[in-house]
Protein chains: 2
Amino acid sequence: MNIGETARASGVSAKMIRHYEHIGLIRESNRTFSGYRQYNERDVHLLRFIRRARDLGFSLEQIRQLLSLWDDPGRASSDVKHLAEAHIADLDARIAALSEMRATLVALAQACHGDHRPDCPILQGLAAPPDS
Amino acid sequence: MNIGETARASGVSAKMIRHYEHIGLIRESNRTFSGYRQYNERDVHLLRFIRRARDLGFSLEQIRQLLSLWDDPGRASSDVKHLAEAHIADLDARIAALSEMRATLVALAQACHGDHRPDCPILQGLAAPPDS
DNA sequence: CTTGACCTTGCCATGATGGCAAGGTTTATG
DNA sequence: CATAAACCTTGCCATCATGGCAAGGTCAAG
């Protein structure tokens, strides 16, 4: 299987497959005589794993750890759970930060009448120190 | 006022002040004879504006637009409100995406007993197509 | 006059991804 | 067979906002 078909089958772009190989996230693939990368179903499976972990917001470095646990038959599930929980905490922090921005911005936008007049509490709010 | 003091007063790093000048977000400052950048209170005020807008998650390009509205005495407040509401929608989308990741991950983590056993639903969930 | 704190420019790095270019290969079609 | 289309290769540049480092100039205090 060439890289294009592998990309379509796994949902990971050909560009990214090469990149993951380059940074050592996946092994170097076999090549045809003319240098084309060759993949099989196992590779597609692995790339799908990576793809899903990315979709859940794991970084490539975290995925590197997940993969080593995936490969390790003697892993403890607590190791995986720790990684997952740390990532949940990270997501929580990011959600909280965005929610706070949102709340501030909504408050400013509500105070703004939003018509043709130049007077605008949003700009004033940005110009003055936040009260909170 | 030199750039270091300006940075402390505005909360924008000296590095970033230079960068904002470089990309044309702020005007080139006056220089002393020996080439040191000089700033005044108005500059600090402007940089604080930028800083607060960054804290609310606006991109530098969005801030560029906000600044041109800030500078324009004849602006319509609706213009500002549109920018703000577009950004709120953007924040909403990001919060929703992160929340979805979080929910999926929490479900997987709850199913994981998290002990010494190698059996782990988190890795299985990543390896298999998501049911939803 | 030396030392330390400050300033200058410029290049490199981050993280994950896309784009483009120049060139080689394979496959299908006329 | 010749050619075109679709594929592959490597490599460099760009994103976005920010930090770091290096080599060198400046200034103020001791």
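Here is how names work: the chains are called A, B, and so on, in the same order as the sequence lines, proteins then strands, and each is numbered from 1.
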How many angstroms lie between CG in B:L60 and CG in B:L67, if you round to the nearest 0.5 Å? 10.0 Å

d(B:E85 CD, B:D90 CG) to nearest 0.5 Å is 13.5 Å

Quickly work out the [X] [atom1] to [N] [atom2] distance and round it to whole Å.
{"X": "B:I23", "N": "D:dA14", "atom1": "CD1", "atom2": "C1'", "answer": "15 Å"}
{"X": "A:I63", "N": "C:dA16", "atom1": "CD1", "atom2": "C1'", "answer": "10 Å"}
{"X": "B:R37", "N": "D:dG25", "atom1": "CZ", "atom2": "P", "answer": "17 Å"}
{"X": "A:E21", "N": "C:dA16", "atom1": "CD", "atom2": "P", "answer": "18 Å"}
{"X": "B:I3", "N": "D:dT26", "atom1": "CD1", "atom2": "P", "answer": "17 Å"}
{"X": "A:Y36", "N": "C:dG23", "atom1": "OH", "atom2": "P", "answer": "16 Å"}
{"X": "B:F33", "N": "D:dG25", "atom1": "CZ", "atom2": "P", "answer": "15 Å"}
{"X": "A:I17", "N": "C:dT17", "atom1": "CD1", "atom2": "C1'", "answer": "14 Å"}

So what does A:T32 touch, heavy atoms closer than 4.0 Å: a base, only the sugar-phosphate, or nothing? nothing

Describe the nucleic acid contact of B:R18 in one word from base, sugar-phosphate, nothing, applying a heavy-atom distance below 4.0 Å. base

Ignoring backbone atoms, test whether B:R64 places a side-chain nitrogen or oxygen under 4.0 Å from the OP1 or OP2 oxygen of D:dC16. no

Between A:R54 and C:dT17, does any side-chain N or O lie under 4.0 Å from OP1 or OP2? yes

For B:Y20 and for A:S34, locate the closest nucleotide of DNA chain D by heavy-atom distance; then report the residue assigned to the nucleotide nearer the 5' terminus. A:S34

What's the closest nucleotide to the side chain of [X] if the choices are [options]?
{"X": "B:L60", "options": "D:dC7, C:dT17, D:dA17", "result": "D:dA17"}
{"X": "A:H19", "options": "C:dT17, D:dT18, D:dG19", "result": "C:dT17"}
{"X": "B:M16", "options": "D:dT10, D:dT18, D:dC7", "result": "D:dT18"}
{"X": "B:N2", "options": "C:dC7, C:dA16, D:dA17", "result": "C:dC7"}
{"X": "B:S13", "options": "D:dG19, C:dT8, D:dC8", "result": "D:dG19"}

For residues B:A84 and A:I122, report the shortest heavy-atom separation together with the two atoms involved. CB-CD1, 3.8 Å

With under 30° as parallel and over 60° as perpendicular, where do the rings of A:W70 and A:H45 fit, or are they tilted in between? tilted

Backbone N or O of B:H82 within a donor-acceptor pair of the B:H87 side chain at under 3.5 Å? no

